[in-house]
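Sending over a structure as structure tokens; questions will come in a sec.
Computed from a predicted model, the values in this text were never measured in an experiment.
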Amino acid sequence: MTLLPSSISQHHADYFSIIELSDLHLFDDPNKLMNGVNTADTFESVLSLVKQQRDNVDLLVLTGDLCQEPTQQNYDRLFAALDDINIPFVAIPGNHDVTLELDSHLPFAQRRHLPVKADSRLQNRYSIATDYWDLLLLDSSCEGHSHGEFDEQSLRWLAQQLANADRPCAIFCHHPMVLIDSTWLDKYTIINSERFWEVVMPYLDRIKAIFVGHIHQEMHKINYGTSVFGCPSTSLQFKPLCKDYTIDEIAPGLRWINLYNNGLLATGIKRTDTI
């Protein structure tokens, strides 16, 4: 895996192009299924969409839950596949990257979750300067837990990054800091979200959008005037607006993001069944 530089120039004259991938949930055994879904196959199908656009994409951002079984072998195989695409990429951990989930045959709330250390190639706090934007990536994972939390060191780093410049900024993390109106998932968002919003409040004019994973679905919420976007999973999808854990039948996908030189942005979803 090539170390990502702290600055990247854009291919396009008027915007910087990002593809967000999230919630891959890869197993050591690529034939293993999660809820009847072969996550290796669905990831490969989404990766095919990326390959079709490789000459037009400046950066891949992976927003966590890369591996359902967080082993070095699993990450080695994933990062080798990403290296082959030849697009710069950066990855942050999700809860499954720092948690070994046992008893998958039981209802979610009854499963055991053992803490593990994140792979060293996953970023804890990372900033990238494009020609016109700043990208800030934060780790929201908590070892052995499904919910998210930002530690004070990360929040101090975030405040410093936001205070040190006045360029437009986009933030990436795994867990949402807003409720998404699915009762079961809202238990596993960022538990100190009020503290996050308190820290970023003086800099909301800089923050043009926040991009998250974790929820396995498209989402757009606005909090304090700031857009928070959810990303579909490259594996199985969660049905929106559900009280209990419910799988959706729609195809896996990715989020594309264009950050324009004038501080505006465009973003949308592309799925494997989209022409």
Side-chain angles (χ1 to χ4, degrees), residues 1-28 30 38-67 70-94 97 118-137 139 170 172-174 211 213 229 231-235 251-261 265-275:
M1 177 181 176
T2 304
L3 181 64
L4 184 70
S6 59
S7 63
I8 303 178
S9 295
Q10 60 197 45
H11 287 91
H12 307 273
D14 55 351
Y15 67 92
F16 186 86
S17 174
I18 298 173
I19 286 180
E20 179 189 4
L21 303 176
S22 199
D23 298 277
L24 288 56
H25 292 275
L26 299 173
F27 292 94
D28 279 337
N38 185 306
T39 60
D41 286 350
T42 56
F43 172 62
E44 187 56 44
S45 67
V46 174
L47 212 55
S48 294
L49 296 179
V50 177
K51 291 175 182 177
Q52 293 169 16
Q53 306 172 61
R54 79 173 83 206
D55 294 333
N56 297 311
V57 179
D58 297 305
L59 178 67
L60 298 179
V61 178
L62 286 81
T63 48
D65 279 4
L66 310 186
C67 294
T71 64
Q72 181 175 339
Q73 166 188 317
N74 216 351
Y75 291 105
D76 286 347
R77 185 167 58 237
L78 167 62
F79 292 139
L82 294 172
D83 274 331
D84 285 344
I85 301 177
N86 200 29
I87 300 173
F89 68 92
V90 62
I92 53 177
D97 297 300
D119 187 278
S120 61
R121 292 163 288 188
L122 304 181
Q123 302 299 323
N124 180 252
R125 294 178 289 274
Y126 202 82
S127 64
I128 300 171
T130 74
D131 292 337
Y132 295 90
W133 285 69
D134 293 322
L135 312 179
L136 303 179
L137 292 85
D139 176 11
F172 294 83
C173 65
H174 181 67
F211 298 95
F229 293 100
C231 186
S233 167
T234 72
S235 56
L254 56 82
R255 177 172 287 282
W256 58 266
I257 305 162
N258 292 341
L259 304 178
Y260 290 93
N261 301 354
L265 66 86
T267 184
I269 302 300
K270 187 171 181 64
R271 298 186 185 274
T272 54
D273 60 356
T274 316
I275 298 176

Quick one: do Arg121 and Asp119 satisfy salt bridge (charged side-chain N to carboxylate O under 4.0 Å, His left out)? Show the steps, please. CA-CA 5 Å; Arg121 292 163 288 188; Asp119 187 278; 2.8 Å; yes
Would Asn56 and Trp256 count as a side chain to side chain contact (heavy atoms under 4.5 Å, CB included) if you check the C-alpha gap in whole Å, the side-chain angles of each, and the deciding distance to 0.1 Å? CA-CA 11 Å; Asn56 297 311; Trp256 58 266; over 6 Å; no
How many angstroms lie between atom OG of Ser233 and atom CG of Leu24, to the nearest 0.5 angstrom?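 Answer rounded to 0.5 Å: 7.0 Å.
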Does the Asp23 side chain pair with the main chain of Gly213, one donor and one acceptor, at a distance under 3.5 Å?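 Checking the backbone N and O of Gly213 against the side chain of Asp23, no donor-acceptor pair under 3.5 Å is found.
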Nearest 0.5 Å, please: how far is CG in Leu254 from CD in Glu20? 9.0 Å
Do the side chain of Asp14 and the main chain of Asn261 share a donor and acceptor less than 3.5 angstrom apart?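 Checked: no pair found.
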Which heavy atom in Phe79 sits nearest to a heavy atom in Ala91, and how many Å separate them? CE2-CB, 4.4 Å
Short side-chain to backbone donor-acceptor contact, Thr63 and Cys173, under 3.5 Å: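 Absent.
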Here the pair of heavy atoms bringing Arg271 nearest to Ala251 is NH1-O, 2.7 Å
What verdict does the side chain to side chain contact (heavy atoms under 4.5 Å, CB included) test give for Leu259 and Thr130, after you've listed the backbone C-alpha separation in whole Å, the side-chain angles of each residue and the deciding distance to 0.1 Å? CA-CA 10 Å; Leu259 304 178; Thr130 74; 5.5 Å; no
Start with the C-alpha gap between Phe89 and Asp83, add the side-chain angles, then the distance that decides, and say whether side chain to side chain contact (heavy atoms under 4.5 Å, CB included) holds. CA-CA 8 Å; Phe89 68 92; Asp83 274 331; 3.5 Å; yes
Working to the nearest 0.5 Å, report the span between CD1 of Ile8 and CD1 of Ile18. 8.5 Å
Does atom CD of Gln72 have more than 12 heavy-atom neighbours from other groups under 6.0 Å away? no
Pairwise distance CD1(Ile85) to OG(Ser48) - rounded to 0.5 angstrom: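 These two atoms lie 9.0 Å from each other.
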Between Val90 and Phe172, does a side chain to side chain contact (heavy atoms under 4.5 Å, CB included) hold up when you go through it step by step? CA-CA 11 Å; Val90 62; Phe172 294 83; over 6 Å; no
Would you find more than 12 non-hydrogen atoms of other residues, nucleotides or ligands less than 6.0 Å from Asp28 atom CG?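 Yes, the 6.0 Å shell around CG holds more than 12 heavy atoms from other groups.
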Reported CG-to-CD1 distance for the pair Leu82 and Ile87, which is rounded to 0.5 angstrom: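 Between atom CG of Leu82 and atom CD1 of Ile87 there are 9.0 Å.
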Identify the two heavy atoms, one from Tyr126 and one from Ser6, that lie closest to each other, and give their separation to 0.1 Å. OH-N, 4.2 Å
Could you go through the salt bridge (charged side-chain N to carboxylate O under 4.0 Å, His left out) check for Asp84 and Arg54 one step at a time? CA-CA 11 Å; Asp84 285 344; Arg54 79 173 83 206; over 6 Å; no
Does Ser17 offer a backbone N or O that forms a donor-acceptor pair with the side chain of Asp58 under 3.5 Å?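 The answer is yes, because a donor-acceptor pair under 3.5 Å joins these two groups.
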Looking at every non-hydrogen atom in both residues, tell me the closest pair between Pro93 and His174 and how far apart they are.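 Minimum heavy-atom contact is O-CB, 3.6 Å.
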Over 60° means perpendicular and under 30° means parallel, so tell me whether Phe229 and Phe211 are parallel, tilted or perpendicular.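 Parallel: the ring planes of Phe229 and Phe211 meet at under 30°.
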Please give me the minimum heavy-atom distance between Tyr260 and Trp133, naming the atom from each residue.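 Here Tyr260 and Trp133 meet closest at O-NE1, 2.7 Å.
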Under 3.5 Å, is there a donor-acceptor pair between the side chain of Asp97 and the main chain of Cys67?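 Such a contact is found between Asp97 side chain and Cys67 backbone.
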Closest heavy-atom contact between Leu47 and Ala81?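 Smallest interatomic distance, heavy atoms only, reads CD2-CB, 4.4 Å.
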When rounded to the nearest 0.5 angstrom, what is the spacing between CG in Leu62 and CG in Leu21?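 Here the interatomic distance stands at 5.0 Å.
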Hey, is the main chain of His25 close enough, under 3.5 Å, to the side chain of Thr39 for a donor-acceptor pair? yes
